[in-house]
Every structure is written in C-alpha cells, then in structure tokens.
There are 2 protein chains.
Amino acid sequence: MPYAFLPDVARPAVTVDMLVFTLVDGALSLLLIERGLPPFRGRLALPGGFLHVGAGGRGGEALDDAAARELLEETGLGREQVTLGQLGAFGRPGRDPRGRTITVAYYALVRPDAARGVRAGSDAACARWAKVADLDLDALAFDHGGIVAEALVSLRRDVDRAGAALALVPATFTARELREVHEAVHGHRLDAANFDRRLRRLIDDGLIEPTAETRATGRRPARQFRAAQRGARSASTAARPSSHVGRI
Amino acid sequence: MPYAFLPDVARPAVTVDMLVFTLVDGALSLLLIERGLPPFRGRLALPGGFLHVGAGGRGGEALDDAAARELLEETGLGREQVTLGQLGAFGRPGRDPRGRTITVAYYALVRPDAARGVRAGSDAACARWAKVADLDLDALAFDHGGIVAEALVSLRRDVDRAGAALALVPATFTARELREVHEAVHGHRLDAANFDRRLRRLIDDGLIEPTAETRATGRRPARQFRAAQRGARSASTAARPSSHVGRI
DNA sequence: ACAAAAGTGTTCGAAGTACACCCATGT
DNA sequence: ACATGGGTGTACTTCGAACACTTTTGT
C-alpha cells in the first residue's frame with residue numbers, strides 16, 4: 001500500500017476516442033459509429049470507450065494501450081498495422097450530458113488495403129467510413145465535431161512531412177497513389193511533375209526506396225516504391241537535420 | 001438529473017501540469033517547484049494541481065480554465081499575459097505512486113519582463129526558474145522529465161513559425177531580442193543579417209510592425225518592433241495562406 | 001492511331017545560408 | 001579613433017509552382 005494517498009477530490013470519467021482515418025476511393029474518410037443508446041442516440045460519433053483503471057493504485061492500462069485496445073475492438077486492426085498518435089485531451093464541462101468526462105483523442109492512420117476488412121466491430125452498433133468532405137461536423141455527437149476539426153488541421157499540417165502520407169498508402173505504392181493521399185488530405189490537386197521530384201528527394205533522403213517491379217494500372221505501368229526500413233539511410237540523410245515525424 | 005448515467009467504472013484522478021517557459025538572462029528557462037511533501041519530496045516538479053470537478057454532472061472547470069487557474073496561483077500571471085496551449089495528456093500507470101492519475105500538460109510562454117515578478121506562488125512551496133540547458137530531466141519528480149522533453153521538441157519545432165517567438169519577447173523588442181529567443185530555444189547562433197531579413201518578411205506579412213522610437217543598447221541604438229494587433233494585416237498577408245500558429 | 005498516364009526538363013520566384021561590407025554611436 | 005553592434009547588399013543554393021514536352025502502354 002502506498003505511503004501517501006491521493007486527495008479525495010471528485011474525479012471525472014476518462015475516455016479514449018479514436019479518429020481512424022483512411023482513404024476510401026481516394027477520399028479521406030473517418031470511421032464513425034452510429035450511437036445505439038442515449039445520449040445522442042442515432043447520431044454519428046467517434047468510436048471510443050472508457051480508460052481501464054485498475055482497482056489498486058497501480059493497475060490499469062496506459063493511454064496508448066487503451067487507444068490500441070479500442071482500435072482493435074472497433075476495427076480488428078493491431079497497432080502494428082496503423083500509425084497511432086495522440087491528438088490531445090478534451091474536457092469541457094457539459095460535453096457529455098451524463099456527467100463530467102475527459103476524453104483523450106487518438107488518431108490512427110490506416111492503409112487503404114487494410115481498411116477493406118474493417119466492418120462491424122464488436123463494440124460499435126454500426127461502424128462506417130464517412131467521407132470527410134461530406135461530413136457535417138455539427139451533427140456529430142458530444143463535442144466530436146470540434147475534435148475532428150482539430151484533427152484535420154493537424155493532419156493537413158503534418159501530411160507534408162511524409163510520415164503521415166506514407167501511413168495512408170499500401171506497403172508498396174505508386175507515385176500516383178502517394179500523390180492522391182496528399183490531394184485527398186489537402187483537398188486540391190497537385191502537379192504530378194513536381195510531386196515526382198519530391199518523390200526523388202524522399203528516395204535521396206532514404207525515406208522510401210523503389211522496388212523492382214512495376215504495376216499495371218490501366219495504361220502505362222507505374223514504378224512502385226515502399227517505405228524504407230529504418231536504419232537503411234543514405235549518406236545525404238545523415239548530413240541533414242532529421243525530419244521528425246511529430247504528432248499526426 | 002440526466003436521463004442516463006455514466007457507467008460506474010473506476011476513475012483516475014486528473015491533474016493539470018504547467019510548463020511555464022521564459023527567458024532568464026537570455027537562457028530558456030522553466031518554472032519548477034521543489035516538492036515539500038511525498039511523494040518525491042525535495043525533488044523538482046512541474047507546478048500543477050487537480051482539475052476541479054463539480055459535484056453534479058455539469059459543474060467544474062474546463063481544462064483550459066484549470067491551466068489558467070494554476071498559472072495564476074503559481075505565478076500571479078493572468079491568461080492575457082501569456083500564450084497558453086495544451087501539450088497533451090500523460091497517464092502511464094505508475095507515474096504517481098499514490099494511485100492512478102492522468103495529467104493534461106499545458107505550456108505557457110511568458111515574456112521576460114513579466115517573468116521578473118514571478119516568485120513564491122501561494123500553492124508551491126518554492127518556485128524557481130531553472131535553465132533548461134542545466135536541467136537534469138531524469139531528476140524530476142513523477143514522469144515530468146519526459147513531459148519536459150516532449151515540450152522542448154514541440155517548442156523547437158514551432159518557435160520558427162514566429163508565434164511562439166513573439167510570445168517570449170517584451171511587448172516592444174529589438175531585432176536582437178527576437179533573434180536571441182530563437183537562439184535560446186534552438187541552442188545555436190543565427191546569422192544576424194539573415195535574421196533581419198526574416199524580420200522584414202514578418203513586417204510584410206503584417207505580423208509585427210516597427211515602432212517610432214529606438215532603444216539605446218550600449219552601442220548604436222536599435223530599432224524596435226511590436227507584435228501587430230490582429231486585423232491590421234497588409235495586402236500581401238491576405239493573399240498568402242495564413243501561417244497557423246499551432247500548438248506551442 | 002490515339003488517348004491516358006508515366007515521366008523529364010525548364011523557368012520563375014520565394015526563401016535559407018554564408019559572408020563581405022557600410023553606418024552610427026558610446027567609450 | 002575605434003571597437004561594437006546595427007543594418008544593408010550579394011552570391012549561391014534549395015525548393016515549390018507552373019507548364020511544355022516526350023515516352024510508354026492499352027484499346
């Protein structure tokens with residue numbers, strides 16, 4: 001038993017909410033559930049759940065582990081298959097009519113090929129991919145609209161640092177696919193020629209590497225790339241300041 | 001009374017911890033308190049406290065308000081005098097030996113002139129400015145060393161976007177002072193000539209504006225600048241994509 | 001053959017870096 | 001007068017945007 005006790009103040013309930021992003025038909029999409037119970041019954045909401053807190057002083061799960069658990073429950077995806085990170089905490093009084101809750105929002109970036117199998121999580125009544133462009137943020141349950149809005153700002157800011165973009169393409173991808181990630185996130189077209197030169201820089205920097213095979217894509221076959229495994233950096237990378245991936 | 005109740009699961013205690021940064025003698029510094037009580041008695045820690053949660057379902061304070069309240073209690077500074085923002089939530093089991101706690105970390109950037117008067121908060125046993133360069137992160141209480149490390153990464157990333165740097169200089173400042181903020185945060189010297197051209201761009205973008213007076217600084221008097229009040233943007237700013245300030 | 005997509009080259013401007021240099025002032 | 005810091009100019013480079021252009025495939 002610990003030698004000192006936490007003061008006996010009122011505690012909020014703590015939940016973890018997930019912002020699971022992927023690309024569906026080239027459009028940035030977010031996994032939402034339709035609530036089957038009040039409050040906000042019938043409204044769309046972020047998947048999530050309560051943080052597991054052990055009975056004793058030390059038990060329970062870390063926030064990151066709670067996010068990974070929720071992700072697995074809702075989508076069947078393991079944390080190795082996605083890019084996971086924390087967005088922040090939200091706790092305005094009144095955000096949940098049932099009582100005081102704090103939520104810690106996590107984002108998860110899912111490759112589109114892995115996203116195909118995501119359906120009917122055990123926890124959620126009905127999980128679906130919603131295109132971000134079509135989403136009415138004000139219609140979401142709780143304060144989830146505001147959380148999604150913040151996540152989109154972070155995502156758009158950090159997709160250019162390549163880390164986030166690489167998390168949203170299949171393991172091997174074409175230049176077009178990676179470009180479409182940027183286009184989907186930012187919502188506007190990019191010059192294919194300029195983007196290819198950016199790809200070449202990513203190769204120079206050791207972030208991605210070309211594969212031997214090409215892929216038939218309807219017309220002329222395209223070269224493919226894959227994310228470089230860490231450690232296999234080129235000399236030019238070592239000289240540059242490392243491009244930190246940062247949060248989402 | 002609400003029509004539905006939160007499930008009766010165990011709840012963690014929720015605290016708000018403050019990372020109060022300023023420049024002391026040109027060195028990036030952080031406000032720390034020496035703990036007077038166990039656990040970690042005698043060790044340095046971030047100032048902070050428990051989130052106020054109302055007895056009913058709706059009462060209590062928002063996370064931002066808790067951060068502002070802690071800041072006021074520890075430093076006497078109001079939220080209008082500082083730049084305040086959330087860093088994130090930390091909740092590893094075992095981070096507090098007394099029991100399960102989640103902390104939401106906030107940063108506050110304090111202008112050096114305002115930091116002069118910060119001393120002996122009502123809450124803290126003994127508050128002091130610690131130079132970040134001299135700090136032994138592993139010696140801090142709880143998991144505060146890791147939190148500080150994360151904050152420094154964010155601060156270094158975002159000081160270049162000008163928003164953070166302007167929060168760490170007096171209301172009117174010289175080019176040298178703003179440059180020293182960048183140097184203090186990044187830990188290396190910058191070319192004064194190039195930095196001056198960056199200043200000129202900040203003027204063009206309407207972020208800062210020159211004042212009429214100059215300041216005697218030992219040798220040749222220096223021109224002074226101030227942060228431009230929002231709304232007084234130049235034409236060039238309106239055309240550009242707005243440079244979001246982002247978190248810390 | 002032709003359309004569509006892959007891929008290359010060119011030009012321009014914005015902005016970072018390095019460095020030479022002039023200017024104004026307190027001692 | 002002169003050292004010190006304030007302030008300007010110049011050359012080089014990187015990188016994004018715009019766009020003309022060639023190459024390679026399927027139909």
Side-chain angles (χ1 to χ4, degrees), chain A residues 26 156-162 165 169 172-183 185-205 207-208 210-225 234-237 239-243, chain B residues 26 156-157 159-162 165 169 172-183 185-186 188-208 210-225 234-243:
Chain A
R156 294 199 173 104
R157 178 176 56 208
D158 293 333
V159 74
D160 298 323
R161 308 216 170 253
V169 286
T172 69
F173 54 91
T174 65
R176 183 187 196 84
E177 286 171 330
L178 190 62
R179 176 163 50 88
E180 283 174 343
V181 171
H182 284 80
E183 292 176 343
V185 170
H186 280 120
H188 59 79
R189 314 293 292 178
L190 287 177
D191 187 289
N194 297 326
F195 192 82
D196 278 8
R197 285 192 309 148
R198 235 162 97 171
L199 260 187
R200 259 169 275 170
R201 264 194 300 274
L202 291 181
I203 295 173
D204 290 343
D205 293 353
L207 292 174
I208 65 175
T211 66
E213 308 84 39
T214 59
R215 184 190 304 181
T217 63
R219 296 295 177 187
R220 172 175 174 177
R223 286 184 301 183
Q224 289 189 124
F225 307 88
S234 75
S236 68
T237 304
R240 298 194 185 196
S242 71
S243 64
Chain B
R156 294 198 172 105
R157 180 176 54 206
V159 75
D160 298 323
R161 310 217 169 253
V169 286
T172 71
F173 55 91
T174 66
R176 182 187 198 84
E177 287 171 329
L178 191 62
R179 177 162 50 88
E180 284 173 343
V181 171
H182 284 79
E183 293 176 342
V185 170
H186 281 118
H188 60 79
R189 316 291 293 177
L190 287 177
D191 187 290
N194 296 328
F195 192 83
D196 278 10
R197 285 192 309 149
R198 232 160 99 173
L199 260 186
R200 258 170 276 168
R201 263 194 301 274
L202 290 181
I203 297 173
D204 289 343
D205 293 353
L207 291 173
I208 65 174
T211 65
E213 310 84 39
T214 59
R215 185 190 306 181
T217 63
R219 297 296 175 186
R220 171 175 173 178
R223 288 183 300 181
Q224 290 188 126
F225 306 88
S234 74
S236 67
T237 303
R240 297 192 187 200
S242 70
S243 63

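Just the heavy atoms: all of them, side chains too, but no hydrogens, waters or symmetry mates, feed the values below. Residue numbering restarts at 1 for every chain, and letters A, B, ... go by the order of the sequence lines.
When rounded to the nearest whole Å, the span between CG of B:L202 and P of C:dA14 equals 16 Å. Remark: P of D:dA17 and NE2 of A:H182 are 11 Å apart, rounded to the nearest angstrom. For the pair A:R215 CZ and C:dA5 P, the interatomic distance rounds to 16 Å; values are reported in whole Å. In this entry the distance linking CD of B:E180 with P of D:dG5 reads 11 Å, nearest Å. A straight line from CZ of B:R201 to C1' of C:dA14 spans 8 Å, rounded to a whole angstrom. What separates CZ of B:R179 from P of D:dG6 is a distance of 7 Å, to the nearest Å. Rounded to whole Å, the distance from NE2 on B:H186 to C1' on C:dT17 is 15 Å. The distance between atom CG of B:L190 and atom C1' of D:dG5, rounded to the nearest whole Å, is 17 Å.
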Provide a list of protein-nucleic acid N or O atom pairs under 3.5 angstrom, restricted to nucleotides 20-22 of chain C.
none

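Applying the salt bridge (charged side-chain N to carboxylate O under 4.0 Å, His left out) test to A:R176 and every residue at least two apart in sequence or in another chain returns A:E180. Legend: residues meeting side chain to side chain donor-acceptor pair (under 3.5 Å) with A:R200, ordered by chain and number and at least two apart, are absent.
In this structure a side-chain-to-backbone donor-acceptor pair under 3.5 Å is present from B:E183 to B:L190.
On a pure distance criterion of 3.5 Å, no polar donor-acceptor pair joins the side chain of B:N194 and the base of C:dA15. Between the base of D:dG6 and the side chain of B:R219 there is no donor-acceptor pair shorter than 3.5 Å.
Partner B:F225 forms a side chain to side chain contact (heavy atoms under 4.5 Å, CB included) with one of B:L207, B:I203, B:V169, B:T211 and no other, that one being B:I203.
No hydrogens or angles considered: a donor-acceptor pair under 3.5 Å links the side chains of A:R198 and A:H182.
A:Q224 approaches A:T174 most closely through the heavy-atom pair CG-CG2, 4.2 Å. The nearest pair of heavy atoms linking A:T172 to A:E177 is O-OE1, 4.1 Å.
Mapping B:T174 and A:P221 onto DNA chain D by nearest heavy atom places B:T174 closer to the 5' end of the strand.
Taking side-chain N and O atoms only, A:R200 has no distance below 4.0 Å to OP1 or OP2 of C:dG7. Between D:dT8 and B:R223, a contact under 4.0 Å exists linking OP1 or OP2 to a side-chain N or O. Residue B:R176 places at least one side-chain N or O under 4.0 Å from the OP1 or OP2 atom of D:dG6.
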